[in-house]
Each structure stands twice: as C-alpha cells, then as structure tokens.
Amino acid sequence: MTKKERAAAVTELLKEVYPDAVCALHYTHDYELLFATRLSAQCTDARVNIVTETLFRQFPTLQSFSEAPEEEIAEAIKTCGLFRTKARDLKACAIMLLSEYDGKVPDNMEDLLRLPGVGRKTANLILGDIFGKPAIVADTHCIRLSNRLGFVKNEKDPVKVENALRKLISPAESSDFCHRLVLFGREHCTARSPKCSGCPLGAVCPSYPVTK
DNA sequence: ATCCCGAGGG
DNA sequence: CCCTCTGGAT
C-alpha cells in the first residue's frame, strides 16, 4: 500500500468515525475563533471554551478588547496558561484588526500572519473554518498522527508535515481531514497511551499496535 | 513527569 | 536549531 493509498483509506475511515468534521472551539464572531485559537496553545479546547464563555461576554466587541488593560484580559484567561503573552496578543490583535483591516479578519495567509500571535496553525484554521479555503492545520495531534500513520517519518516540523499532507490529501478535503485527525487524536490515538485495541485505523496503521 | 488543536524571539 | 511563556489534566 502506497502512502497515498493509505491516506485515502484513512480519509474514508475517519469520515465514518466522524461524519461531522467540526471545530470544537466555541465562537460567534470570526475574530472570536481567532482569539480562541490563540488561547488554545498548550491548553485543551475544553478549557478554552470555559474561559471564552465569560471572556466574550466581558469583552463583547473588538473595540472593547482593544481598549481593555492587558492585566484585565490576563486575569480573565489565566487558567489557559501562557496568559501574559496571550493577553498581549489579543489586545494587539484587536488594535491591528481595527486600524488596518476595518475590524474584519483577513482571508489570506500573508495578512493573517501579520497579526500579533497568529502563526501558521492559527492562520490555517481560520482559512479553513471561516473562509472554507484549502487548509492543512499541522497542530500537535496532526503531527503525532501523521508520524504514526506513516505519512511522514520522525518529522516534528509543522511546515514539513503540512507539505507532506498537501501531496496526500486533496485540497477540498484537507481542512475536514485535519479536524478529524484532531478529534481522533484526542479521543483514541492519544499522545501517552493510544487505545490501539479495536482501533478503526488498525488495519492500515503502520504503527499498530503501539501498545500491547 | 508529560502533554494540551503554538508563537515569537535569539 | 534552541529557549521561554504557563495553568490544568493525567
């Protein structure tokens, strides 16, 4: 079985496991997904959702974020970790979105990467989820599973994983594919003790079984 | 002790 | 390439 055939098989199997490829982060405005994604660094999305439920009520507009003291934002997001840098990023990001982008989240990689605290992972998520564009979100789950599934070998560089997946997954499906990888990585193919027994991908996974 | 849908700086 | 930021969960 070639890599591409395996990628196609995994794609179809994941569709059966997760018919809906949804993003787990809660948001109503576009910029709120941007902010929630920034908060999700080194933090579970479940915790991000707990924090943003009150955060987005306390600061209901981009304007309110741009005017808020950093310490107030920091206090509100403290339990997400990395709170000082994240608070600085949210405020600076709100200011730049208002002053340079008419308060709208940009729809291209170059402009997204200009925003404070927005890196490739966040930018790709926005391109896929907000704008429905082809996007490969090479986060920690995507990287771990891409290695276990043999799409890359011992590769930790997110850009290299992104490029490898671009050759294996059709652009139209890449965003949904990554969402499903994340869901599967969280629930089954976990970092520490992957639940290999009975794994729906076991038949095509070169790492199976990771655990005895 | 290790990991969680990272990003920026040196 | 490396390091730092950081609380929470397991």
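Numbered from 1 within each chain, the chains take letters A, B, ... in sequence-line order.
- Across the C1' atoms, dC5(C) and dC3(B) are found 16 Å apart, a figure rounded to whole Å.
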Give every donor-acceptor pair under 3.5 Å between a side-chain atom in residues 68-83 of chain A and any protein atom, sequence neighbours left out.
residue: Thr79(A); atom: OG1; partner: Arg47(A); partner atom: NH1; Å: 3.1

Please list each protein N or O that sits under 3.5 Å from an N or O in nucleotides 8-10 of chain C, with the distance.
residue: dG8(C); atom: O3'; partner: Arg47(A); partner atom: NE; Å: 3.4
residue: dA9(C); atom: OP1; partner: Arg47(A); partner atom: NH2; Å: 3.3
residue: dT10(C); atom: O2; partner: Arg192(A); partner atom: NH1; Å: 2.7

What's touching nucleotides 8-10 of chain B from the protein side, N or O pairs under 3.5 Å?
residue: dG8(B); atom: OP1; partner: Gly117(A); partner atom: N; Å: 2.8

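- In this pair, Phe56(A) and Tyr31(A) present their aromatic rings perpendicular. The plane angle is above 60°, beyond the 30 to 60° band.
- A close approach under 4.0 Å does not occur between any side-chain nitrogen or oxygen of Thr37(A) and OP1 or OP2 of dG6(B).
- With a 6.0 Å radius and a threshold of 12 heavy atoms from other residues, nucleotides or ligands, Lys160(A) has its NZ atom at or below the threshold.
- Side chains of Thr54(A) and Gln58(A): no donor on one and acceptor on the other come within 3.5 Å.
- Checking side-chain atoms of Asp102(A) against main-chain N and O of Lys104(A) turns up no donor-acceptor pair under 3.5 Å.
- Among the protein residues, Thr190(A) comes within range of no part of the nucleic acid, since none of its heavy atoms lies under 4.0 Å from any strand.
- Side-chain atoms of Arg38(A) do not come within 3.5 Å of backbone N or O of Val118(A) as any donor-acceptor pair.
- Counting to the nearest Å, the P atom of dG6(B) and the CG atom of Leu39(A) are 12 Å from each other.
- Listed in residue order, the members of residues 137-149 of chain A having a heavy atom less than 4.0 Å from DNA chain B are Val137(A), Asp139(A), Thr140(A), His141(A), Arg144(A).
- Nucleotides dC4(B) and dC1(C) place their C1' atoms 24 Å apart, quoted to the nearest Å.
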Next on the checklist: Go through it in stages, so that I can follow the logic: the residues are Asn124(A) and Glu162(A), the test is side chain to side chain contact (heavy atoms under 4.5 Å, CB included), and I'd like the CA-CA distance, side-chain angles, deciding distance and then a yes or no.
Outcome noted: CA-CA 10 Å; Asn124(A) 270 314; Glu162(A) 195 182 315; 3.5 Å; yes
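- There is a side-chain donor-acceptor pair under 3.5 Å between Thr61(A) and Ser64(A).
- Counting any heavy atom pair closer than 4.0 Å across all strands shown, Arg186(A) reaches a base atom.
- Comparing the P positions of dC5(B) and dC3(C) gives an interatomic distance of 24 Å, to the nearest angstrom.
- In terms of hydrophobic clustering, with Ile, Leu, Val, Met, Phe, Trp and Tyr side chains grouped at heavy-atom distances under 4.5 Å, Phe131(A) and Tyr27(A) are assigned to a common cluster.
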Checklist outcome for this item: For DNA chain C, the dot-bracket notation using Watson-Crick and G-U wobble pairs below 3.5 Å, [ ] for pseudoknot-type crossings and | for other-strand pairs, is |||||.||||
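- A heavy atom closer than 4.0 Å to some atom of DNA chain C occurs in no member of residues 22-35 of chain A.
- Between Lys156(A) atom NZ and dG6(B) atom C1' there is a gap of 15 Å when expressed in whole angstrom units.
- Ranked by how close their nearest DNA chain B nucleotide is to the 5' end, Ser40(A) and Ala191(A) are led by Ala191(A).
- Ring pair Phe65(A)/Phe35(A): centre-to-centre distance below 6.0 Å.
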